[in-house]
Amino acid sequence: MNAAITPCSEAELQDVVKEAASQSAPFRISGGGTRANIGQPVAGQTLSTNALSGVDLYDPGALTLVVGAGTSIQDIEDTLAGEQQMLAFEPMDHRSLLGTNGAPTIGGVVAGNVSGPRRLQAGACRDALLGVRFVDGRGRQLKSGGRVMKNVTGLDLARLMCGAFGTLGVLSQVALKVLPRPERAATLVIDNLADAATVKVFCKALSTPFEVSGAASIDGRAYLRLEGLDVQVGDRLTRLREYLDEGGEVIDGDAHHALWRNIRDVRHFADTGGSIWRVSVKPTDAPRLLTTVQRELDAKTSLDWGGGLVWIQVPQETSESAAGVIRSAIGQGHATLIRASTELRQKTPVFQPESARLTKISTQLRAQFDPHNILNPGLMAA
Amino acid sequence: MSSIEMPEPDARVLGNRDAILKALAEALPADGLITDPHQTLAYECDALTAYRCPPLAVILPATTEEVSQALKICHQLGVKVVPRGAGTSLAGGSLATADSVIIGTSRLRDTIEVNYPDRYIRVQTGVTNLSVTQSVENDGFFYAPDPSSQLACAIAGNIAMNSGGAHCLKYGVTTNNLLGVTLVLADGEVVELGGAHMDAPGLDMLALICGSEGQLGIVTEATLRILPKPEGARPVLIGFDDAETAGECVAQIIKSGVLPVAIEYMDRLCIQVVEDFTAVGYPLCEALLIVEVEGSEAEIAVQIERIEKIALALDPREFRVSQSLEQSELIWKGRKSAFGAMGRLNDYLCLDGTVPVSALPLTLRRIGELAQEHQMEVANVFHAGDGNMHPLILYNANLEGDFERAEQLGAAILKLCVEVGGCLTGEHGVGIEKRDLMYEQFSPDDLEAMMQVKDVFDPDWMLNPAKVFPLNASAARRSLIATQGAAK
């Protein structure tokens with residue numbers, strides 16, 4: 001593996017990208033490297049944002065955090081914990097699922113729009129994103145958005161960067177909305193539900209005013225998380241349990257924290273073989289998808305986001321045919337091959353193929369920001 | 001009276017008027033096309049009434065297919081298109097040019113699907129913001145963004161301007177509540193972005209469309225996230241003797257872990273005018289906060305207790321908790337009628353800059369000083385929780401030069417917002433109003449990058465001309481198109 005280029009400032013980053021642009025020399029952009037094998041395989045010199053780190057501004061009274069893209073998630077969480085605040089979108093840590101090492105960075109989280117169970121109630125990473133600074137493939141230092149919560153000044157390039165996996169620009173700084181950390185959290189666990197019944201329970205629970213902040217299901221156990229003020233959580237738990245009328249036990253305390261970290265990181269599929277798909281669907285379409293993949297691929301499944309996020313673990317034997325089976329079983333939504341061998345990723349579109357016109361627009365957008373095709377080239381290609 | 005320039009109309013298009021109208025009439029139903037100059041006059045302005053210009057024609061399609069047809073024809077004939085929702089833009093976002101046609105959404109009024117298990121509603125975008133909540137509220141749901149103009153404004157315009165409202169401190173703005181759209185591109189092709197699922201694949205074009213002010217396409221249908229209604233809500237009034245303390249109170253409440261759904265701010269001038277108009281019983285003071293919390297009775301009580309503790313430590317002039325539904329309604333009635341009340345008294349220019357919450361006191365002080373320097377009066381009523389300010393600059397339209405002075409003060413205030421770390425517009429959009437101030441916030445490269453995105457969606461620069469981007473920044477692109485058009 002070639003040595004990484006690690007610019008220490010935006011100016012250095014800009015120089016490095018300009019130089020590469022002039023030679024059409026491609027980069028693999030990397031933060032902590034914990035998500036390096038997501039996407040179509042990319043060849044190129046590693047460009048690390050690790051040295052662009054540190055808190056540039058933290059204004060707890062305005063719920064605003066501005067940090068260098070290379071800042072580790074751990075550092076951010078420690079900083080926020082000092083003021084009893086948090087990243088509300090609960091970014092997933094991909095290390096156990098993907099078998100990677102290193103320290104996840106906020107740049108990687110934003111580039112992948114990485115969100116966890118609380119996405120359901122508090123929004124995704126892209127919803128918390130207030131602004132970015134980045135260097136595009138022309139070597140321009142650009143910014144979009146800012147550090148305030150309401151902003152419609154010009155086109156929203158910040159959110160366009162979020163989920164673009166570095167193919168439009170190298171993030172140097174991000175501004176995020178943060179939220180107060182809940183005083184108390186507890187989870188209602190309901191056992192022995194079939195998939196269809198689970199999604200029904202989720203839909204019912206999510207239609208209550210109790211602000212359920214997590215709704216996940218693994219191995220026939222459904223988990224419904226409530227968070228908030230002390231009095232709120234106790235009261236809501238009792239009422240939610242009564243309303244659902246499915247019984248169930250309550251988990252809280254330290255075990256609770258570990259439970260949701262494991263759900264967030266899809267730990268239940270960490271030590272499995274085969275490939276892993278992440279599918280975003282209309283929640284009530286999930287049961288049909290689960291039935292299909294369990295039957296046709298012999299796959300294992302779990303649910304998050306109240307049924308809106310489906311994780312599928314496909315055994316080695318059926319991995320080759322999984323893309324076709326999964327994608328044709330999705331109603332509204334899309335499937336991403338999140339973990340697979342390089343060979344499988346080379347012959348399978350990792351991201352859901354788009355319509356011809358949207359593919360054309362995506363290609364043209366990339367050509368505007370990265371005309372020399374040097375930023376993670378081909379990573380998101382169909 | 002007007003100091004914002006608009007480009008010269010394209011003589012070739014004006015000369016081709018009859019052929020253009022004929023082509024439109026052949027392709028579109030008669031009740032969806034207005035060409036009579038007396039009738040197009042009704043569309044000569046939006047809520048920024050100082051700027052007026054009737055379009056060549058107004059097209060009011062009832063289906064996505066009709067929008068697509070209309071755009072195809074305009075694309076072929078090189079006619080500019082101004083998308084229009086309900087025409088409530090305060091930024092001139094739907095101001096026509098003499099060589100353009102307006103495509104309005106007022107006949108796109110269908111609710112296509114309400115889905116409670118998956119918690120979304122799909123509507124045609126001509127429906128009003130309030131009607132979305134009205135169609136689901138009997139079943140215990142609501143649509144969160146609630147701009148002050150919600151009775152009139154259309155979802156199309158909400159998407160174009162990424163509208164917010166009073167309750168977005170907790171629930172976010174339009175972009176956080178929009179799941180999918182049907183978008184008609186400049187050449188008439190129809191694409192679907194997002195849907196009923198929670199995240200879109202590929203590049204986040206949905207985010208790009210939301211807040212793009214009609215620069216990239218026309219949104220004809222939208223899938224919106226609906227939420228279960230909270231069990232209850234209660235506002236609290238807190239009056240302070242100065243803006244600094246009120247600002248401190250806002251920051252402390254937010255830091256305390258209580259996240260109110262709304263924190264609204266009014267200054268003395270505004271309170272006075274509102275009281276004269278509605279007599280809702282606001283205490284007269286320098287800075288009034290309306291803080292609203294939600295939940296069950298027990299939850300509301302706990303939150304109010306905490307807010308009270310914070311507020312009382314800051315020695316407020318008044319701390320009053322609403323005791324009944326009627327009182328709550330009165331409190332909000334005052335806030336929601338503030339703009340109307342102000343309008344009865346004066347003409348006003350409503351600004352929309354956003355600043356970091358921590359910079360609110362400084363910004364308010366500087367606005368006061370700037371107003372004095374410009375010898376004008378400014379009333380402040382705004383969403384304090386998210387720093388979205390709405391200074392109202394009062395002027396007299398009948399007084400020669402007064403509007404221009406108001407515009408100058410407005411520009412100075414918006415520059416101030418950027419200076420303290422904020423932005424030119426939080427929810428009204430750039431339109432024509434803030435177009436030429438964009439250099440205050442963005443570098444030429446930043447603007448060029450945005451214009452390159454427009455190039456992808458609207459290569460001929462036919463959609464919503466002369467908005468968002470400073471005229472001199474877009475000049476090369478616009479003149480290139482004019483030359484090419486002439487050569488066609």
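By convention in this document, chain letters (A, B, ...) are assigned in the order of the sequence lines, proteins followed by strands, and residues within each chain are numbered from 1. In what follows, every heavy atom counts, from backbone to side chain, and hydrogens, waters and symmetry copies are set aside.
Here the straight-line distance linking atom CG of A:Leu155 with atom CE of B:Met450 works out to 6.0 Å at 0.5 Å rounding. Note that the CG atom of A:Asn151 and the CG atom of B:Asn162 stand 9.0 Å from one another [nearest 0.5 Å]. Residue B:Leu216 holds its CG atom at 9.5 Å from CD1 of A:Ile361, rounded to the nearest 0.5 Å.
Pairing each heavy atom of B:Ala298 with each of A:Val231, the nearest pair is CB-CG2, 4.4 Å. Across every non-hydrogen atom of A:Gln352 and B:Pro201, the tightest pair is CB-CB, 4.5 Å. Nearest heavy atoms, A:Leu142 versus B:Ala449: CD1-CB, 3.7 Å.
Salt bridge B:Arg306/A:Glu183: present, at least one basic N to carboxylate O contact under 4.0 Å. The residues B:Asp386 and A:Lys150 are annotated as salt-bridged, a charged nitrogen and a carboxylate oxygen being separated by less than 4.0 angstrom.
Proximity to chain A is limited to the backbone of B:His428, based on heavy atoms less than 4.5 angstrom apart. For chain A, the nearby part of B:Ala200 is the backbone; its heavy atoms alone come within less than 4.5 Å.
A:Arg119 contributes a side-chain N or O that, together with a main-chain N or O of B:Met198, makes up a donor-acceptor pair within less than 3.5 Å. Side chain of A:Asp156 to backbone of B:Leu208: no donor-acceptor contact under 3.5 angstrom is found.
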Test side chain to side chain donor-acceptor pair (under 3.5 Å) applied to B:Asp199 and A:His334, step by step = CA-CA 9 Å; B:Asp199 61 359; A:His334 60 97; 3.1 Å; yes
Full working for salt bridge (charged side-chain N to carboxylate O under 4.0 Å, His left out) between A:Arg140 and B:Glu448 | CA-CA 10 Å; A:Arg140 296 181 295 193; B:Glu448 178 64 20; 5.2 Å; no
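In this structure, the side chains of A:Phe210 and B:Pro228 stay at 4.5 Å or more apart for every pair of heavy atoms. Side-chain contact between B:Pro356 and A:Arg147 is present, with heavy atoms from C-beta onward closer than 4.5 Å.
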Show which side-chain atoms of residues 188-195 of chain B pair as donor or acceptor with protein atoms under 3.5 Å away, not counting sequence neighbours.
residue  : atom : partner  : partner atom : Å
B:Glu189 : OE1  : A:Arg357 : NH1          : 2.7
B:Glu192 : OE1  : B:Arg122 : NH2          : 3.4
B:Glu192 : OE1  : B:Thr182 : OG1          : 3.0
B:Glu192 : OE2  : B:Thr182 : OG1          : 2.9

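Here the rule is side-chain contact (heavy atoms from CB on, under 4.5 Å) with B:Pro117, and of A:Leu206, A:Val199, A:Thr284 only A:Thr284 fits it.
Listed by chain and number, the residues in a side-chain hydrogen bond (donor to acceptor under 3.5 Å, both in side chains) with A:Asp304 amount to none (sequence neighbours excluded).
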